[in-house]
Trainee: 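Quick one: structure below, then a few questions.
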Amino acid sequence: MENITVIGAGTMGNGIAHVFAQNGFEVSLVDISQEALDNALNTIGKNLDRMIAKEKITEGEKKSTLDHITTFTTIDEGIAEADLIVEAATENVNLKMKIFQELDEKAPERAILATNTSSISITQIAAQTNRADKVIGMHFMNPVPIMKLVEVIRGYNTSDEVTNQIMGLSKSLGKVPVEVNDYPGFIANRILMPMINEAIYSLYEGVAGVEEIDTVMKLGMAHPMGPLQLADFIGLDVCLSILNVLHDGFKNPKYAPCPLLVNMVMAGKKGVKSGEGFYNYAESRKAEKVSHQFLK
Ligand SMILES: NC(=O)c1ccc[n+]([C@@H]2O[C@H](COP(=O)([O-])OP(=O)(O)OC[C@H]3O[C@@H](n4cnc5c(N)ncnc54)[C@H](O)[C@@H]3O)[C@@H](O)[C@H]2O)c1
């Protein structure tokens with residue numbers, strides 16, 4: 001494989017493009033927004049500068065990484081030569097279905113179509129195409145250049161050959177791939193989200209406060225970040241939508257999102273990206289605990 005196309009240049013897309021380009025692949029980065037593409041190149045440049053400062057790469061390697069990335073605002077231009085397409089567009093079922101129909105129609109027949117979705121069924125996405133054997137989940141973690149894991153998700157019809165190719169490719173990027181089957185939440189979010197939801201329930205029921213809950217999990221379980229702060233970083237709207245996928249998919253009340261989470265999302269408190277979630281990020285870089293008027 002030489003030519004990789006990344007669809008979506010947001011948080012994940014820029015990281016995925018960065019990692020492939022740094023490992024010598026030719027990367028076409030596609031986004032409908034020119035601003036997102038400009039921001040992505042800027043972010044990749046800054047992340048490479050940080051690596052230079054830590055003496056992990058040289059100026060020459062930075063230049064070569066950036067030279068390996070070309071940006072496009074339409075899918076047609078960006079996929080003509082693709083061996084692999086990694087879709088990292090906004091997490092929305094209808095959008096992803098539409099993108100995969102278009103990719104199947106226009107991408108070279110040999111191309112593998114991967115998605116970085118956190119929770120949408122790979123089998124459902126694959127069913128939009130005439131190459132379900134070549135559709136697979138390639139779930140990178142945020143921030144992509146740093147996090148080692150790639151959760152490789154086999155859809156119902158994904159072939160052994162394609163799974164092996166993606167496992168090998170992930171290793172060649174210096175990542176550790178783990179193969180899992182396609183059920184709601186896969187493994188990462190099936191285990192993480194109920195923990196986050198339980199932390200929110202504990203707050204909602206007044207068992208302990210924000211900092212107390214996070215401290216117990218940090219110091220008691222050696223988690224680098226408490227579940228409430230992690231939820232803020234992921235985005236509370238994203239947590240809610242993944243819990244809804246688990247709840248709908250398994251029809252099991254244990255996945256029902258906590259009413260406090262639902263209220264916070266409705267109130268626009270989405271975590272770091274909105275400036276406030278369980279902590280306040282607006283005024284200082286250090287997260288301040290938010291007092292819970294929602295509970296009164
Ligand atoms: N953010 C995370 O921590 C994280 C972690 C793992 C997986 N994911 C998954 O990665 C995917 C992307 O998430 P993100 O956080 O980078 O989102 P984001 O909102 O930061 O970026 C999404 C980008 O997709 C672009 N886009 C929308 N429609 C498009 C189209 N038709 N063609 C091309 N580009 C289009 C948007 O302009 C935007 O720049 C989602 O499926 C998400 O579930 C996110």
Side-chain angles (χ1 to χ4, degrees), residues 5-19 27-44 47 71-79 82 85-107 113-122 124-125 128 135-153 170 175 177-178 180 184-193 196 225 229-246 270-274 277:
T5 299
V6 180
I7 311 283
T11 311
M12 297 304 287
N14 84 59
I16 296 168
H18 172 154
V19 168
V27 177
S28 301
L29 180 59
V30 180
D31 202 293
I32 43 171
S33 152
Q34 183 61 50
E35 194 188 346
L37 291 168
D38 295 343
N39 288 342
L41 290 180
N42 196 16
T43 302
I44 295 169
N47 288 340
T71 60
F72 300 94
T73 49
T74 67
I75 281 182
D76 297 53
E77 295 172 291
I79 61 172
I85 300 173
V86 184
E87 174 276 322
T90 315
E91 185 80 342
N92 173 300
V93 184
N94 293 333
L95 174 70
K96 293 206 193 270
M97 306 269 219
K98 204 168 139 265
I99 290 176
F100 273 78
Q101 282 164 7
E102 188 174 354
L103 292 177
D104 186 41
E105 212 176 285
K106 298 177 178 170
L113 310 183
T115 171
N116 186 51
T117 180
S118 307
S119 61
I120 297 169
S121 160
I122 309 303
Q124 188 182 7
I125 291 174
Q128 306 308 307
V135 177
I136 192 161
M138 206 175 177
H139 187 199
F140 289 88
M141 303 291 134
N142 185 19
V144 183
I146 292 170
M147 299 293 277
K148 285 277 176 203
L149 178 69
V150 181
E151 198 179 19
V152 175
I153 305 124
S170 303
K175 302 294 183 195
V178 174
V180 311
F186 319 131
I187 287 294
N189 283 315
R190 178 170 181 169
I191 295 174
L192 176 64
M193 287 303 154
I196 286 177
M225 194 183 275
Q229 191 171 15
L230 180 56
D232 277 356
F233 274 90
I234 293 169
L236 301 191
D237 53 336
V238 175
C239 293
L240 177 59
S241 92
I242 297 173
L243 280 162
N244 281 330
V245 167
L246 290 169
K270 296 183 184 172
V272 176
K273 63 183 157 192
S274 72

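In listed order, ligands and their atoms are each counted from 1.
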Trainee: Does E151 use its side chain to pair, donor to acceptor, with the backbone of A188 at less than 3.5 Å?
Mentor: yes
Trainee: Rounded to the nearest 0.5 Å, what separation is found between the CD1 atom of I191 and the CD1 atom of I196?
Mentor: 12.5 Å
Trainee: Under 4.0 Å, heavy-atom basis, I'd like to know which part of I99 is in contact with ligand 1: side chain, backbone, both or neither.
Mentor: side chain
Trainee: Would you call I234 a ligand 1 contact, heavy-atom distance under 4.0 Å?
Mentor: no
Trainee: Determine the sole option in V6, T115, I75, I79 for which the side-chain contact (heavy atoms from CB on, under 4.5 Å) test with I85 is passed.
Mentor: I79
Trainee: Side chain, backbone, both or neither: which part of I7 has a heavy atom under 4.0 Å from ligand 1?
Mentor: side chain
Trainee: Which heavy atom of the protein is the closest neighbour of atom 11 (C) of ligand 1, given with residue, atom name and distance?
Mentor: A89 O, 3.4 Å
Trainee: Any atom of ligand 1 sitting under 4.0 Å from a heavy atom of F233?
Mentor: no
Trainee: What protein heavy atom sits nearest atom 35 (C) of ligand 1, and how far off is it?
Mentor: I32 CG1, 3.7 Å
Trainee: Do V152 and I136 make a side-chain contact, defined as non-hydrogen atoms from C-beta onward lying under 4.5 Å apart?
Mentor: yes
Trainee: Output the list of atoms in ligand 1 that are nearer than 4.0 Å to some heavy atom of A36, sorted by atom number.
Mentor: 39 (O)
Trainee: Heavy atoms only, cut-off 4.0 Å: how does K98 contact ligand 1, side chain, backbone, both, or neither?
Mentor: neither
Trainee: Can you tell me if K96 has a non-hydrogen atom under 4.0 Å from ligand 1?
Mentor: yes
Trainee: Please give me the minimum heavy-atom distance between M12 and F140, naming the atom from each residue.
Mentor: CE-O, 3.2 Å
Trainee: Starting from atom 2 (C) of ligand 1, locate the nearest protein heavy atom and write down its residue, its atom name and how far away it is, to 0.1 Å.
Mentor: M12 SD, 3.7 Å
Trainee: Have a look at ligand 1 and work out which part of L95, if any, has a heavy atom under 4.0 Å from it: side chain, backbone, both or neither.
Mentor: side chain
Trainee: Show your working on side-chain contact (heavy atoms from CB on, under 4.5 Å) between I122 and T117 and close with a plain yes or no.
Mentor: CA-CA 8 Å; I122 309 303; T117 180; 3.8 Å; yes
Trainee: Using a strict 4.0 Å cut-off to heavy atoms of G8, name the atoms of ligand 1 that fall inside it.
Mentor: 24 (O), 34 (N)
Trainee: Students should be able to answer this: which protein heavy-atom is nearest to atom 7 (C) of ligand 1, and at what distance?
Mentor: S118 OG, 3.2 Å
Trainee: Measure the shortest side-chain to side-chain distance between I234 and M193 over non-hydrogen atoms and say whether it is less than 4.5 angstrom.
Mentor: yes
Trainee: For H139, take its heavy atoms, then give the atoms of ligand 1 lying under 4.0 Å from any of them.
Mentor: 6 (C), 7 (C)
Trainee: Between ligand 1 and S33, is the shortest N or O to N or O distance under 3.5 Å?
Mentor: no
Trainee: Have a look at D31, L29, T11 and point out the one with the heavy atom closest to atom 37 (O) of ligand 1.
Mentor: D31
Trainee: Could any protein non-hydrogen atom be found less than 4.0 Å from atom 19 (O) of ligand 1?
Mentor: no
Trainee: To the nearest 0.1 Å, how far is atom 21 (O) of ligand 1 from its closest protein heavy atom, and which atom is that?
Mentor: G10 CA, 3.3 Å
Trainee: Tell me, which protein residue and heavy-atom name are nearest atom 27 (C) of ligand 1, and how many Å apart are they?
Mentor: T90 OG1, 3.3 Å
Trainee: List the steps, then state whether salt bridge (charged side-chain N to carboxylate O under 4.0 Å, His left out) holds for E102 with K106.
Mentor: CA-CA 6 Å; E102 188 174 354; K106 298 177 178 170; 2.9 Å; yes
Trainee: Should D232 and K270 count as an ion pair when the cut-off is N to O under 4.0 Å?
Mentor: no
Trainee: Quick one: which ligand 1 atoms are inside 4.0 Å of a heavy atom on T117?
Mentor: 41 (O)
Trainee: Going by atom types alone, do E91 and S119 pair a side-chain donor with an acceptor below 3.5 Å?
Mentor: yes
Trainee: Under 4.0 Å from a heavy atom of F140: which atoms of ligand 1 are those, numbered in the order shown and with their elements?
Mentor: 6 (C)
Trainee: Do the side-chain N and O atoms of Q34 and T73 include a donor-acceptor pair separated by under 3.5 angstrom?
Mentor: no
Trainee: Does A88 offer a backbone N or O that forms a donor-acceptor pair with the side chain of K96 under 3.5 Å?
Mentor: no
Trainee: Going from CZ on F186 to CG on L192, what distance comes out if it is rounded to the nearest 0.5 angstrom?
Mentor: 13.5 Å
Trainee: What protein heavy atom sits nearest atom 41 (O) of ligand 1, and how far away is it?
Mentor: E91 OE1, 2.5 Å
Trainee: Suppose we measure from atom 10 (O) of ligand 1 to each protein heavy atom; which comes out shortest, and what is that distance?
Mentor: N116 ND2, 2.9 Å
Trainee: Quick check against the 3.5 Å criterion: does T5 have a side-chain atom that pairs as donor or acceptor with the backbone of G78?
Mentor: yes
Trainee: If you scan the protein for heavy atoms around atom 43 (O) of ligand 1, do you find one that is closer than 4.0 Å?
Mentor: yes
